[in-house]
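Structure first, commentary second.
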Protein chains: 2
Amino acid sequence: MATRAGSEGRGSGVRWDIPGMMSLQDDGWGGDTPAPVPQRLLAAATRLFAEQGYDRTSVQEIVEAAGVTKGALYHYFGSKDDLLHEIYGRLLRLQQKRLDVLAEREAPVEERLRAAAADVVVTTIENLDDAMIFFRSMHHLSAEKQKQVRAERRRYHERFRALIEEGQRTGVFSDATPADLVVDYHFGSVHHLSSWYSADGRLTPQQVADHLADLLLRALRP
Amino acid sequence: MATRAGSEGRGSGVRWDIPGMMSLQDDGWGGDTPAPVPQRLLAAATRLFAEQGYDRTSVQEIVEAAGVTKGALYHYFGSKDDLLHEIYGRLLRLQQKRLDVLAEREAPVEERLRAAAADVVVTTIENLDDAMIFFRSMHHLSAEKQKQVRAERRRYHERFRALIEEGQRTGVFSDATPADLVVDYHFGSVHHLSSWYSADGRLTPQQVADHLADLLLRALRP
DNA sequence: AACGACATACCGACTGGTTAGTCTGCCGGG
DNA sequence: CCCGGCAGACTAACCAGTCGGTATGTCGTT
């Protein structure tokens, strides 16, 4: 008798493919052709989840905002849960890819860390809705999907931590603080961005990013 | 019709008084006398909100966990909303009071800031459930109560920021980064604690607090 | 070129279940 | 005897997901 649902078992439930990775902001459909239905649904869900939260947003609201009906939503997504999961996935894939590129550059470790620390701030601010949903609504995911997201997130943190440890080994950074704690310190402030950053503020995303990266690097001075 | 409710209008809706400010952890009822109903309700709500989130916790679950019925809950609280608001209030009042004491001590500003930065970490970890609810569920509050909470939070941040600005004026701290950004940086990591700190970890709350305070102070070195 | 067979994309009424909050009334102590 | 403190049935919503149905498109065959 109703073990608190949990969508179906098999597969991710998403029945469509992304042609190529795009920027989240525009879905690659800046022209006059209306965006395809799956993207419209994701965009509507993202906005509504960020505004009202996951639980307080009904599927009906989402499909109305996207200009379709429930039939369309459940044609492309297995459940409301899947929408959330896909929103996470987009942001995670984007940030992971960017970090991979930055971490492998030919440059002193302090430059690579500074670039990575600033980049995650900029991409977070540029996708503030996704970030807000991420840290506010992750616990609404089914246990299984939560595990998956956490695993991806861990990979990301580990990559970041490796940079710090490299600097600590080579003596460029102080090793007074364990590297994983430094990572959590930085990402804490990143996740928190959606609570205080507002576009109207006097600082551009890049300026905020530079400041936060600077704080991190200064904290790590030997 | 139905402007999305919003509890009643008048008053805070809470119909009971706290005898004296206690520690949140035990409600001052460690003995064998059962705790009074309002406290039992708050304790049950705190645990359940932290475990399952606000929206996914029914008032039926709360009253069952507290060993009473809905009649009791709505006798003491105006709405489910009020429970959340009261949980915030407890933590905010506690931290504000501690900060006030620390900030007014006779000591160099770097010592006062270090003590304040570490203290908020310790009290956050010691009330991790409340903290998690705070940063995860604040947006579930009615607009009016949200404004009130934000105002109290702002007061707290301003007091903290004043310490940083004092140090920057007197040249003890670097002023490379605007003080309010430094505050958000630090409190970002504090709010984030509930996402990663687990009691089983190898670091005690005090050790974590010392590390995080150290990172802040190191970042502020001139 | 016309046709049938099958698939994709979507519609929208409906179901079974859940929920916050109300209300009437009981009960025991002052 | 009266009132605070509480019980618990009840109401009026609301909502995720289902399902049968329709329109449009494609492809192989004749």
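With B/Thr46 as reference, B/Arg90 is the one residue of B/Arg90, B/Glu51, B/Glu86, B/Met132 to meet the side chain to side chain contact (heavy atoms under 4.5 Å, CB included) rule.
Spacing between atom CZ of B/Phe77 and atom C1' of D/dG5 amounts to 14 Å, rounded to whole angstrom units. The separation between B/Tyr74 atom OH and D/dA9 atom C1' is 15 Å, rounded to whole Å. The CD atom of A/Gln52 sits 14 Å away from the C1' atom of D/dC14 (whole-angstrom rounding). Put simply, NE2 on A/His75 is 15 Å from P on D/dT18, counting in whole angstrom units. Whole-Å rounding puts the A/Gln60 CD to C/dC11 P distance at 11 Å. Atom pair A/Asp82:CG and D/dA16:P shows a separation of 14 Å (rounding to whole Å applied). The distance between atom CD1 of B/Ile62 and atom P of C/dT19, rounded to the nearest whole Å, is 11 Å.
The phosphate of C/dA20 (OP1 or OP2) has a side-chain N or O of B/Lys80 nearer than 4.0 angstrom.
B/Thr69 comes within 4.0 angstrom of a base, heavy atoms only.
With rounding to the nearest 0.5 angstrom, the CG atom of B/Leu203 is 8.0 Å from the CG atom of A/Asp180. How far CG of A/Leu141 is from CZ of A/Arg150: 9.5 Å, rounded to the nearest 0.5 Å.
The 5' end of DNA chain D is approached more closely, in terms of each residue's nearest nucleotide, by B/Val68 than by the other of A/Lys70 and B/Val68. Nucleotides of DNA chain C nearest to B/Tyr54 and A/Gly67 differ in position, and the one nearer the 5' end is that of A/Gly67.
Between B/Phe160 and B/His186, the distance separating the two ring centers is shorter than 6.0 angstrom.
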